[in-house]
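As structure tokens, the structure follows; a few thoughts come after it.
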Protein chains: 2
Amino acid sequence: MSSERLAELAGVNAAKVRKDLSYLGSYGTRGVGYDVGYLLHEISRELGLTHDWPVAIVGVGNLGQALANYRGFGARGFRIVALFDADPRKVGRKVGEHAIQALEDLPEVARRGRVAIGIIATPAPAAQEVADRLVDAGVTSILNFAPTVVSVPSGVSLRKVDLAIELQILSFYQRRRDGGAARDGVALDGAKSDGPRRDGRAASARAR
Amino acid sequence: MSSERLAELAGVNAAKVRKDLSYLGSYGTRGVGYDVGYLLHEISRELGLTHDWPVAIVGVGNLGQALANYRGFGARGFRIVALFDADPRKVGRKVGEHAIQALEDLPEVARRGRVAIGIIATPAPAAQEVADRLVDAGVTSILNFAPTVVSVPSGVSLRKVDLAIELQILSFYQRRRDGGAARDGVALDGAKSDGPRRDGRAASARAR
DNA sequence: CTCTGTGAAATTTTTCACAGCG
DNA sequence: CGCTGTGAAAAATTTCACAGAG
């Protein structure tokens with residue numbers, strides 16, 4: 001497949017595809033294009049997707065369950081190994097193939113299962129406490145879904161997922177489209193349409 | 001509050017804070033800093049968070065329910081107005097204050113409720129079909145949580161949330177920290193730690 | 001004096017454009 | 001030939017550094 005086609009499918013410039021891929025090595029064939037299977041393999045290897053990453057989820061509400069059942073973690077090397085909840089009534093209940101455990105067991109389980117990544121899926125007020133416990137248990141990568149700012153010591157990676165931000169981005173562009181309150185001086189960057197477009201036209205990557 | 005302090009809290013450079021805020025207008029006071037309340041107000045206005053955005057969720061599995069119950073949409077103007085599911089057994093069941101409706105009712109409900117944003121929270125195989133129905137119903141902003149590529153006609157904004165990508169980013173940096181397979185020529189950018197750090201040190205925004 | 005707002009410089013990212021490989 | 005790989009140019013973003021407002 002040519003860089004041109006890959007670019008079209010990804011909604012970016014062909015030169016960018018070639019430039020980016022060139023950082024991984026010379027995996028294309030001049031005059032022909034790229035072998036997609038081989039490319040996938042090399043990219044997976046570079047990103048570490050061949051690695052096995054034990055993941056623990058803390059907070060088994062709707063979101064925690066959704067994450068626990070999410071197909072597609074497995075394909076990328078993420079393996080849910082434990083679920084924790086502070087609610088004693090939930091402890092022992094099974095979600096998928098895992099029984100929910102008490103937060104007190106976190107240190108023991110995290111160490112024994114070599115948990116590399118902790119996911120916080122609790123209500124906001126519990127998030128900092130849970131983060132502290134994860135850090136104490138030796139977890140050095142944390143993904144926070146709770147709608148609150150959490151702090152961790154240096155040496156620990158923390159990322160936050162804000163489920164409302166994508167909606168904000170969509171609404172920002174919708175308001176522009178509708179001429180809701182157009183005004184100058186604001187940087188623009190199109191709401192992207194990922195993947196090939198049904199109508200064959202490239203996603204307009206920039207407004208204006 | 002000074003740009004310096006805001007920058008520290010956000011984990012960025014103070015000049016960037018000032019430069020960015022300057023695009024909104026001159027809301028700071030020289031020698032003093034910014035009035036946080038006023039700043040929040042102006043930013044909200046600029047981002048359109050004062051606007052009301054009716055949202056419909058299609059697919060009421062764990063993720064759909066999690067989204068339906070997510071606190072914090074409301075604060076930013078997103079109002080869940082309808083839930084849809086293709087499973088007849090779910091239709092009529094209540095989730096929060098909304099009864100689940102049949103997919104067939106989407107066009108009617110979307111138009112009557114002036115749905116601005118549709119959220120796809122279905123399994124992957126149903127996503128494209130749902131996207132088509134949303135588009136047909138006049139929805140021009142779509143957020144796709146299904147782990148599959150969906151295409152829409154131009155004129156419709158589509159964004160995709162991939163719950164595994166954040167884990168990938170965390171694991172990428174963890175492998176680097178552990179010296180898993182360091183290699184040169186790969187662009188670096190630190191896994192960010194958002195918010196103030198417990199230990200007072202700034203999040204290392206870049207590796208190397 | 002302190003801290004903003006902002007030109008200018010530095011850096012990074014993206015795109016162009018083309019030599020040359022298969 | 002067609003398409004990659006990549007220097008070089010262009011564009012965008014980030015940072016510096018400082019005049020000047022409060």
Side-chain angles (χ1 to χ4, degrees), chain A residues 1-43 46-47 169 172-173 176 183-194 196 201-208, chain B residues 1-43 46-47 165 169 172-173 176 183-194 196 202-208:
Chain A
M1 184 178 287
S2 70
S3 59
E4 187 105 34
R5 181 93 179 94
L6 287 169
E8 189 194 323
L9 292 169
V12 301
N13 181 295
K16 183 166 212 309
V17 169
R18 294 201 298 278
K19 182 68 103 176
D20 285 3
L21 290 179
S22 76
Y23 288 115
L24 302 181
S26 289
Y27 299 140
T29 307
R30 292 173 187 227
V32 179
Y34 298 87
D35 179 318
V36 174
Y38 184 52
L39 215 46
L40 283 171
H41 173 262
E42 287 301 326
I43 292 171
E46 191 68 38
L47 293 179
I169 294 170
F172 183 81
Y173 291 110
R176 275 188 178 276
R183 75 181 30 229
D184 288 340
V186 177
L188 286 172
D189 192 2
K192 72 160 188 264
S193 178
D194 52 358
R201 302 219 285 127
S204 68
R206 341 218 130 243
R208 182 171 305 186
Chain B
M1 184 177 290
S2 68
S3 58
E4 187 106 33
R5 180 97 178 91
L6 287 170
E8 190 193 323
L9 293 169
V12 300
N13 182 294
K16 184 168 210 309
V17 169
R18 294 201 298 278
K19 181 69 99 176
D20 285 3
L21 290 179
S22 77
Y23 289 114
L24 302 181
S26 289
Y27 298 141
T29 308
R30 292 172 186 224
V32 179
Y34 297 87
D35 179 316
V36 174
Y38 185 51
L39 213 48
L40 283 172
H41 173 262
E42 287 301 326
I43 293 171
E46 191 67 39
L47 293 180
I165 274 190
I169 295 171
F172 183 80
Y173 291 110
R176 274 185 179 276
R183 73 180 33 228
D184 287 341
V186 177
L188 287 173
D189 193 2
K192 72 158 190 264
S193 177
D194 52 357
S204 67
R206 350 217 122 241
R208 181 170 307 185

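Atoms considered below: every heavy atom in the structure, side chains included; atoms not considered: hydrogens, waters and symmetry mates. So that the names make sense, note that chain A is the first sequence line, chain B the second, and so on, each numbered from 1. In this text, all values refer to a predicted model and were calculated from it rather than measured experimentally.
Counting only heavy atoms from C-beta outward, the side chains of B:Y34 and B:L21 approach each other to under 4.5 Å. Looking at heavy atoms from C-beta onward, A:L6 lies in side-chain contact with A:L39 at the 4.5 angstrom threshold.
Residue B:E4 contributes atom CD, which lies 13 Å from atom P of D:dT15 at whole-angstrom precision. What separates CG of A:L21 from P of D:dT4 is a distance of 9 Å, to the nearest Å. The CG-C1' distance, from A:D20 to C:dT12, rounds to 13 Å in whole Å. A:Y27 has its OH atom 14 Å from the C1' atom of D:dG5, to the nearest Å. What separates CG of A:L24 from C1' of D:dT6 is a distance of 15 Å, to the nearest Å. One atom, CG of A:L6, and another, C1' of D:dT4, lie 12 Å apart when rounded to the nearest Å. Across the protein-nucleic acid pair, A:K19 atom NZ and D:dA8 atom C1' stand 9 Å apart, rounded to whole Å.
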B/S/- contact track for nucleotides 17-22 of chain D, protein heavy atom under 4.0 Å: B--BBS
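By the side chain to side chain contact (heavy atoms under 4.5 Å, CB included) test, B:V36 is found to be paired with B:M1, B:L40, residues two or more places apart in sequence or in another chain being considered. Shown here are the side chain to side chain contact (heavy atoms under 4.5 Å, CB included) partners of A:E42, two or more places apart in sequence or in another chain: A:Y27, A:Y38, A:R45.
At the phosphate of C:dC16, OP1 or OP2 sits under 4.0 Å from a side-chain N or O atom of A:N13. The phosphate of D:dG5 has OP1 or OP2 within less than 4.0 Å of a side-chain N or O from A:Y34. Between B:K16 and D:dT15 there is no side-chain polar atom (N or O) within less than 4.0 angstrom of OP1 or OP2. A sub-4.0 Å separation between OP1 or OP2 of C:dC3 and a side-chain N or O of B:S2 is absent. In this structure, B:S3 reaches the C:dT4 phosphate: one of its side-chain N or O atoms is under 4.0 Å from OP1 or OP2.
Within the structure, no pair that satisfies the salt bridge (Lys or Arg N to Asp or Glu O under 4.0 Å) test touches residues 29-40 of chain A, not counting sequence neighbours. Listed by first and then second residue, the salt bridge (Lys or Arg N to Asp or Glu O under 4.0 Å) pairs that reach into residues 17-29 of chain B are B:K16-B:D20, sequence neighbours excluded.
A:S2 places a side-chain N or O within 3.5 Å of a backbone atom of A:R5 that can act as its donor or acceptor partner.
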